[in-house]
Amino acid sequence: MEISIEPSQQQRQEGMKGFDDDGRVSRTGTVWTASAHIITAVIGSGVLSLAWAIAQLGWIAGPIVMIIFSFVIFYTSSLLADCYRTGDAITGKRNYTYSAAVHSYLGGMKVKLCGLIQYLNLFGVAVGYTIASSISMMAIRRSNCFHEKGHRSPCHISSNPYMIIFGVTQIVFSQIPDFDQIWWLSIVAAVMSFTYSSIGLALGIAQVVANGGFKGSLTGISIGSVTQTQKVWRSLQAFGDIAFAYSYSIILIEIQDTLKAPPPSEAKVMKKATVLSVAVTTFFYMVCGCMGYAAFGDSAPGNLLTGFGFYNPFWLLDIANAAIVIHLVGAYQVFCQPLFAFIEKWANRTWPDSKFISKEIRIRLSSTKSYKLNLFRLVWRSAFVVVTTVISMLLPFFNDVVGLLGALGFWPLTVYFPVEMYIVQKKVPKWSLRWVCLKMLSFACLVISVAAAVGSIAGVVSDLKVYKPFKSGS
């Protein structure tokens, strides 16, 4: 008689206190830390471009498009959350990254394609956030300049020194080894995002009251203020801005991998965090975007707090822009840590005997705490930050970069791969009603992504005609 001595899942977890079922140190994430990561990733600088986006679309299409995007993001994120484990939702094999989930369910060239798009998008987000942070730092200087010299003063300031300051800061924070160790940074960043969003909302309401009513029109900026061609390009770019404002699917699996082991399953916890986060962000997006449009109408600035629709109170603008910078420090890390981890794991597999890659130098910080310095991590992450900073200096076009990033990442990472993995996971029959609906959703989002990308590229081309690299001034 053979007796199986293979321990059960529960026995493995109880027998290895401090470790999860996969042998890794116990994860400690909760619905609140996951929500903080999502809110940090979602309520980014994109919220400040929403008044401009609604100005292109008008009072009817603007809010409708925003609500549609929120439902699509919530639905596809729920599909993606179910893909964290292959097989059983509690005992199945974990997929630590988005690419690993695609490998488990789809395989083949789709894995390489997914990885390429995901990591290029993360790289692009790093560039976009560097640009946004420098614009906010410049806005603090400019608001003080306007306060001292008057609103008609040109107050020209170069963005380059501020991008360098942000880059140096990111070199320091990039040395935090793992994604699950930046939860405190995400919470601080989430608080900051609510701070500047609330200030933007309050200033918008005050401006509406001062105007004596709402500005804007049902169809957005009118032909005449812009040409018919510009109206089309700007409307398409607005779609990209809104898509970027909701974009966090590229790091959803990585956030889910920080959650405590079941029960309940990580998928259930992640879905709760998604509901909470999408509901909160949609509320903020609607009120901030709509109030910004109501305050300025067709002349709504591309960035509500730095486009100088507002001049006073200058000290409140300074607080709001400082909060944006602090938030973007955290958001940069939330997006880049998965990319850092991917490169470092690949390097360890490729050169397992290299001391430069694997050796860690322990630096004592206090009697109880120490920091493990890895030379490869120091060099590679610092080089990454330097490259993103230099590219940001070459392309400091906030709205166009935001729209392009949203367009390029939205369909493949937010819609296509989650839908395809769900079809495989649930064995959805081909040509069934559910299969047809999922494919139609994917195709509709593809059309939107392509259109938004075209509009944003047109904007970048237009900006490049009058721009001289490294000599920008605002």
Side-chain angles (χ1 to χ4, degrees), residues 25-47 96-97 122-123 125-134 136-137 162-163 165-198 247-248 250-260 269-270 273 276-277 280-281 284 319-344 363 365-366 369-374 377-378 380-382 384-385 388-389:
V25 175
S26 294
R27 296 158 176 83
T28 58
T30 64
V31 65
W32 300 110
T33 60
S35 298
H37 284 317
I38 294 171
I39 290 171
T40 298
V42 177
I43 304 187
S45 53
V47 69
Y96 302 117
T97 64
L122 292 175
F123 181 86
V125 168
V127 172
Y129 281 178
T130 303
I131 295 169
S133 65
S134 71
S136 290
M137 286 188 271
Y162 299 100
M163 291 188 186
I165 290 170
F166 185 79
V168 170
T169 304
Q170 289 302 338
I171 287 175
V172 174
F173 279 102
S174 293
Q175 299 312 309
I176 299 173
D178 300 313
F179 190 66
D180 60 352
Q181 294 179 23
I182 63 168
W183 61 269
W184 59 274
L185 191 59
S186 283
I187 290 173
V188 170
V191 171
M192 292 297 106
S193 67
F194 285 125
T195 300
Y196 68 72
S197 297
S198 299
S247 179
Y248 77 96
I250 54 176
I251 55 170
L252 184 144
I253 295 289
E254 284 81 354
I255 293 173
Q256 196 166 341
D257 192 46
T258 67
L259 297 175
K260 288 180 181 176
V269 177
M270 198 65 198
L276 176 62
S277 304
V280 169
T281 53
F284 265 89
I319 291 173
N321 281 299
I324 292 171
V325 175
I326 295 170
H327 168 260
L328 290 174
V329 170
Y332 187 105
Q333 289 302 314
V334 167
F335 276 100
C336 290
Q337 283 286 342
L339 176 56
F340 294 158
F342 168 76
I343 294 295
E344 285 153 23
I363 301 174
L365 302 176
S366 66
K369 293 184 178 180
S370 61
Y371 174 76
K372 295 179 180 178
L373 175 66
N374 179 277
R377 182 171 65 228
L378 176 64
W380 129 249
R381 295 189 183 190
S382 299
F384 174 88
V385 174
T388 58
T389 303

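Quantities reported herein were computed from a predicted structural model and do not represent experimental measurements. What's counted below: heavy atoms across the whole structure, side chains too, no hydrogens, waters or symmetry copies.
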Measuring from [X]:[atom1] to [Y]:[atom2], what's the distance to the nearest 0.5 Å?
X      : Y      : atom1 : atom2 : value
Tyr96  : Ile253 : OH    : CD1   : 13.0 Å
Met270 : Ile38  : CE    : CD1   : 4.0 Å
Gln170 : Ser382 : CD    : OG    : 11.5 Å
Ile324 : Ile319 : CD1   : CD1   : 12.5 Å
Asn374 : Gln175 : CG    : CD    : 9.0 Å
Leu328 : Met192 : CG    : CE    : 12.0 Å

Taking [X] for the side chain and [Y] for the main chain, is one N or O donor matched with an acceptor at less than 3.5 Å?
X      : Y      : value
Ser136 : Ser133 : no
Arg27  : Asp257 : yes
Thr169 : Ile165 : yes

Provide the closest heavy-atom pair for [X] versus [Y] in the form atom of the first, atom of the second, distance.
X      : Y      : result
Phe340 : Gln333 : CE1-OE1, 4.1 Å
Ile255 : Thr258 : O-OG1, 2.6 Å
Ala34  : Leu259 : CB-CD2, 3.9 Å
Ala126 : Cys336 : CB-SG, 3.7 Å
His327 : Ile39  : NE2-O, 4.4 Å
Leu122 : Pro338 : CD1-CB, 4.4 Å

[X] versus [Y]: any side-chain heavy-atom pair under 4.5 Å?
X      : Y      : value
Thr97  : Glu254 : yes
Phe384 : Leu339 : yes
Phe166 : Thr389 : no
Tyr129 : Val329 : no

With Thr130 via side-chain hydrogen bond (donor to acceptor under 3.5 Å, both in side chains) - residues at least two apart | none
is_close_aromatic(Tyr332, Phe173), centroid dist under 6.0 Å =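 Between Phe173 and Tyr332, which both carry aromatic rings, the centre distance is not below 6.0 Å.
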Scan Leu185, Ile176, Ile251 and name whichever one has a side chain to side chain contact (heavy atoms under 4.5 Å, CB included) with Gln337.
->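 The single option meeting the side chain to side chain contact (heavy atoms under 4.5 Å, CB included) with Gln337 is Ile176.
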Mind running side chain to side chain contact (heavy atoms under 4.5 Å, CB included) on Val191 and Val188 for me, showing each step along the way?
-> CA-CA 5 Å; Val191 171; Val188 170; 5.9 Å; no
